[in-house]
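Comments concern the structure below.
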Amino acid sequence: MFDGEYVIEIKGLVNTVGASTILHRDLDLQVRRNEVMSLVGGSGSGKTQLVRVILGLKRPKAGVVRVFGVSWEDSSAKKVRDARRRMGMLFQNGALYSALSVYDNVAFPLRERGGLSEEEIRGIVHTKLAQVELGPSHGGLLPANLSGGMVKRVSLARALALSPDLLILDEPTAGLDPDRSEGFVRLIKRLREDHRFAVVMVTHDLDTLFDLTDRVAVLADQHIIACDTLASVRELDHKFVQNFFGGDRGRRALEHG
């Protein structure tokens with residue numbers, strides 16, 4: 001069982017697009033157990049590509065990437081598989097399987113893992129739906145019949161199906177109106193209080209960022225230029241940071257937080 005301080009360790013990462021275009025160079029990042037780390041950066045800075053590397057979906061050109069102390073290049077298939085099962089991912093658009101019901105979407109990772117009876121799966125699915133404030137009656141619905149807010153909740157239930165120690169959120173409140181966005185943030189807060197998993201969150205929404213974040217990692221100039229508390233990062237003399245956190249939008253979010 002992994003018991004280190006960091007659930008994610010990235011050192012000297014070099015990430016490319018195509019054969020030779022360098023996206024990230026000498027990138028270092030560490031995410032602690034039980035913290036919410038928000039990743040921010042401008043368009044084209046490679047936030048999604050960095051998340052793909054963390055998930056093991058993309059192999060970097062160089063550098064060290066460890067999740068729960070395990071490298072995706074480890075020769076032990078069991079170590080890699082076990083590390084993957086300790087992560088949950090909520091994609092920006094939900095990425096629900098359109099042909100599967102809500103119930104079967106949440107059950108999917110449980111069936112993929114194997115070793116559970118359908119009765120056991122049913123109990124877990126209903127528990128996870130309840131955790132995101134949905135009932136068994138929602139299980140028969142198809143994604144096409146869900147509101148944007150419900151898609152997010154079902155996607156979150158699926159991400160939590162294996163009770164992960166690390167949850168990765170890609171723009172979790174994108175496309176939601178302010179009330180639903182605030183409701184989703186409250187839900188994430190409550191779940192973390194109950195289960196204490198670590199979170200890596202990609203977001204451009206300042207209200208969400210101020211409400212949830214313990215530390216902010218700023219991706220600019222091909223690497224992480226700062227990784228600290230919001231108060232410290234906001235003082236950084238860098239064009240992106242000042243544009244992102246400055247102005248009326250930043251002041252409103254700070255007052256709201």
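Note that these values count all heavy atoms, side chains included, but never hydrogens, waters or copies made by symmetry. Keep in mind the model is a prediction, meaning the values are calculated, not measured.
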| query | How long is the span from the OG atom in Ser45 to the CG atom in Leu39, to the nearest 0.5 Å? | reply | 7.0 Å

| field | Residues that, via side-chain heavy atoms closer than 4.5 angstrom, fall in one hydrophobic cluster with Leu142 | value | none

| message | Counting only heavy atoms from other residues, nucleotides and ligands, does the tally under 6.0 Å from CZ of Arg215 exceed 12? | response | yes

| field | Within 6.0 angstrom of Arg25 CZ, more than 12 heavy atoms from elsewhere | value | no

| request: First locate atom NZ of Lys11, then atom CZ of Arg66, and finally report the distance between them rounded to the nearest 0.5 Å. | output: 6.5 Å

| note | Rounded to the nearest 0.5 Å, the OG1 atom of Thr21 sits from the CG atom of Asn15 at a distance of 11.5 Å

| query | Is there side-chain contact between Ile10 and Ile224, with at least one heavy-atom pair below 4.5 Å? | reply | no

| What residues, two or more places apart in sequence or in another chain, satisfy side-chain contact (heavy atoms from CB on, under 4.5 Å) together with Ser101? | Tyr103, Asp104

| request: Treating Ile, Leu, Val, Met, Phe, Trp and Tyr as nodes and any side-chain heavy-atom pair under 4.5 angstrom as an edge, say whether Phe108 and Leu162 lie in one connected cluster. | output: no

| request: Answer with yes or no whether the hydrophobic clustering places Leu29 together with Val199; edges join I, L, V, M, F, W, Y residues whose side-chain heavy atoms lie under 4.5 Å apart. | output: no

| Is Val70 linked to Ile8 within one hydrophobic cluster, defined over Ile, Leu, Val, Met, Phe, Trp and Tyr using a side-chain heavy-atom separation of less than 4.5 Å? | yes

| query | What residues form a side-chain contact (heavy atoms from CB on, under 4.5 Å) with Glu119, not counting sequence neighbours? | reply | Ser117, Arg122

| query | Partners of Asp214 by salt bridge (Lys or Arg N to Asp or Glu O under 4.0 Å), sequence neighbours excluded? | reply | none

| request: Please test Val7 against Asp165 for side chain to side chain contact (heavy atoms under 4.5 Å, CB included), starting from the C-alpha separation and ending with a verdict. | output: CA-CA 9 Å; Val7 295; Asp165 296 310; 5.8 Å; no

| task | Applying side-chain hydrogen bond (donor to acceptor under 3.5 Å, both in side chains), name anything that partners Lys47, two or more places apart in sequence or on another chain. | result | none

| field | Qualifying residues under salt bridge (Lys or Arg N to Asp or Glu O under 4.0 Å), relative to Lys78, sequence neighbours excluded | value | Asp82

| query | How does the hydrophobic cluster around Val17 look, that is, which other residues are in it when side-chain heavy atoms under 4.5 Å mark a link? | reply | Leu23

| Does a donor on one side chain and an acceptor on the other come within less than 3.5 Å for Ser71 and Lys79? | no

| note | Partner of Val200 under side chain to side chain contact (heavy atoms under 4.5 Å, CB included), picked from Leu166, Leu55, Leu167, is Leu166

| Going only through I, L, V, M, F, W and Y residues with side-chain contacts under 4.5 Å, is there a path from Met87 to Met37? | yes

| said: Any heavy-atom pair between the side chains of Asp211 and Ile188 that's under 4.5 Å? | reply: no

| salt bridge (Lys or Arg N to Asp or Glu O under 4.0 Å): pairs with one or both residues in residues 143-153, sequence neighbours excluded | Glu133-Arg153

| task | Determine whether the side chains of Thr208 and Thr173 contain a donor N or O and an acceptor N or O closer than 3.5 Å. | result | yes

| said: How long is the straight-line distance from CH2 of Trp72 back to CG of Leu57, given to the nearest 0.5 Å? | reply: 9.0 Å

| message | I'd like to check the ring-ring contact (aromatic ring centres under 6.0 Å, His included) partners of Phe184; sequence neighbours left out, ordered by chain and number. | response | none

| Non-neighbouring partners of Arg59 that pass salt bridge (Lys or Arg N to Asp or Glu O under 4.0 Å), sequence neighbours left out | Glu73

| request: Could you pull out all residues at least two apart from Arg186 that satisfy side-chain contact (heavy atoms from CB on, under 4.5 Å)? | output: Glu182

| Is the side chain of Asp28 donor-acceptor paired with the backbone N or O of Gly12 at a distance under 3.5 Å, no angle test? | yes

| message | With clusters defined by side-chain heavy atoms of hydrophobic residues (ILVMFWY) lying less than 4.5 Å apart, directly or transitively, does Leu13 cluster with Ile168? | response | yes

| said: For Arg192 and Lys189: C-alpha separation, side-chain torsions, deciding distance, then whether side chain to side chain contact (heavy atoms under 4.5 Å, CB included) applies. | reply: CA-CA 5 Å; Arg192 286 200 68 249; Lys189 282 184 174 180; 6.0 Å; no

| query | Of all residues at least two apart in sequence or in a different chain, which pass the side-chain contact (heavy atoms from CB on, under 4.5 Å) check with Phe240? | reply | Val40, Val218, His238, Phe244

| Which pair of non-hydrogen atoms, one from Leu96 and one from Pro143, has the smallest distance, and what is that distance? | CB-CG, 4.0 Å

